[in-house]
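These figures come from a predicted structure and were not determined experimentally. Worth knowing before you read on, the calculation uses all heavy atoms, side chains too, and leaves out hydrogens, waters and symmetry mates. Positions are given from 1 along the sequence.
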Amino acid sequence: MYKHTMVGVVTLCAAALLAPAVGTSSAAPATVHAVPAAHRQFAGPVLVDCLWHPQVRPAEFMLACGDGNSRLTSLRWTYWNDNSATATGFNVVNDCKPYCAAGRFHSYPVVVRLDTPQPWKRHPRVRHYSEISLTYTAGRPDRFAHVVTYPLWN
């Protein structure tokens with residue numbers, strides 16, 4: 001019984017591996033990118049997080065994906081439309097004093113604005129915001145301007 005099961009599994013695996021190679025040589029390459037079912041639900045722009053997940057009105061968002069030293073928390077979205085989105089919340093930033101591993105995190109109230117929706121390179125039928133601006137409303141990290149604008153990954 002085990003031998004027959006293994007032969008069946010090996011046969012199925014081989015068929016699955018060979019299936020893409022079987023076809024006509026005149027077949028045209030596909031140029032349309034399929035949008036995964038999970039991403040079809042987004043009618044308007046999304047915010048793409050560090051793990052390449054599309055989000056709409058997230059409560060938190062990591063700005064410094066590499067080291068986690070800057071993130072947005074307690075986000076409350078006042079609007080989210082085809083052109084821009086606005087929220088209030090906090091930018092939690094590591095002061096990196098004397099160095100980042102020994103630094104302390106500080107919270108600064110901010111107004112967050114998302115702008116410039118563009119097709120998402122991973123899923124061109126899904127649009128994502130490609131720019132984020134933070135306006136500090138009460139204090140800000142050392143060497144930060146009152147308003148800072150960053151490009152967002154895509």
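- Scored by the side-chain hydrogen bond (donor to acceptor under 3.5 Å, both in side chains) test, Y136 finds N91 as partners (sequence neighbours excluded).
- The side-chain hydrogen bond (donor to acceptor under 3.5 Å, both in side chains) test applied to S133 returns T149, not counting sequence neighbours.
- Sparse packing is recorded around CZ of R76, with 12 or fewer heavy atoms of other residues, nucleotides or ligands lying under 6.0 Å away.
- The side-chain heavy atoms of W80 and L114, taken from C-beta on, include a pair separated by under 4.5 Å.
- D95 is not listed as a side-chain neighbour of D142, based on a closest heavy-atom distance of 4.5 Å or more.
- The side-chain hydrogen bond (donor to acceptor under 3.5 Å, both in side chains) search around N69 returns D67, N94, not counting sequence neighbours.
- Criterion: ILVMFWY side-chain heavy atoms under 4.5 Å apart, direct or through other members. Under it, V56 and W77 are part of a common hydrophobic cluster.
- By the 4.5 Å heavy-atom criterion applied to side chains, P58 and D49 are not counted as neighbours.
- The aromatic rings of H123 and W120 stand perpendicular to each other, their planes meeting at an angle above 60°, with 30° marking the opposite boundary.
- Within the model, atoms CD of Q118 and CZ of R127 stand 9.5 Å from one another, a figure rounded to the nearest 0.5 Å.
- Rounding to the nearest 0.5 angstrom, the gap separating the CZ atom in R113 from the OH atom in Y129 is 9.0 Å.
- Hydrophobic clustering, with ILVMFWY side chains joined whenever heavy atoms are under 4.5 angstrom apart, keeps M62 apart from L134.
- Side-chain contact between T137 and V111: present, with at least one pair of heavy atoms (C-beta onward) separated by less than 4.5 Å.
- For S130, the side-chain hydrogen bond (donor to acceptor under 3.5 Å, both in side chains) criterion is met by no residue, not counting sequence neighbours.
- For the residue pair P98 and A102, the shortest heavy atom distance occurs at CD-CB, 3.9 Å.
- Annotation: the span from L152 atom CG to T116 atom OG1 amounts to 9.0 Å, rounded to 0.5 Å.
- A 4.5 Å side-chain heavy-atom check between T73 and E60 finds at least one atom pair inside the cut-off.
- Taking hydrophobic clusters as Ile, Leu, Val, Met, Phe, Trp and Tyr residues chained together by side-chain heavy-atom distances below 4.5 Å, I132 shares a cluster with V148.
- Residues meeting the ring pair (Phe, Tyr, Trp, His ring centres under 6.0 Å) test with F61, sequence neighbours left out: W153.
- The shortest side-chain heavy-atom distance between P119 and V126 does not fall under the 4.5 Å cut-off.
- Interatomic distance, NE2 of H128 versus CZ of R122, reported as 11.5 Å (0.5 Å rounding).
- Here the side chains of V46 and V48 are in contact, with some heavy-atom distance below 4.5 Å.
- Two residues are said to be in side-chain contact when any heavy atoms from C-beta on lie closer than 4.5 Å; H146 and R140 meet this criterion.
- Linking ILVMFWY side-chain heavy atoms closer than 4.5 Å, directly or via other members, places V147 and L63 in two distinct hydrophobic clusters.
- Take N81 and apply the side chain to side chain contact (heavy atoms under 4.5 Å, CB included) test, not counting sequence neighbours, and it matches Y79, N83, S84.
- Grouping the Ile, Leu, Val, Met, Phe, Trp and Tyr side chains by contacts below 4.5 angstrom, directly or via other members, places V110 with Y150.
- Closest approach of F105 to G68, counting heavy atoms only: CE2-O, 3.7 Å.
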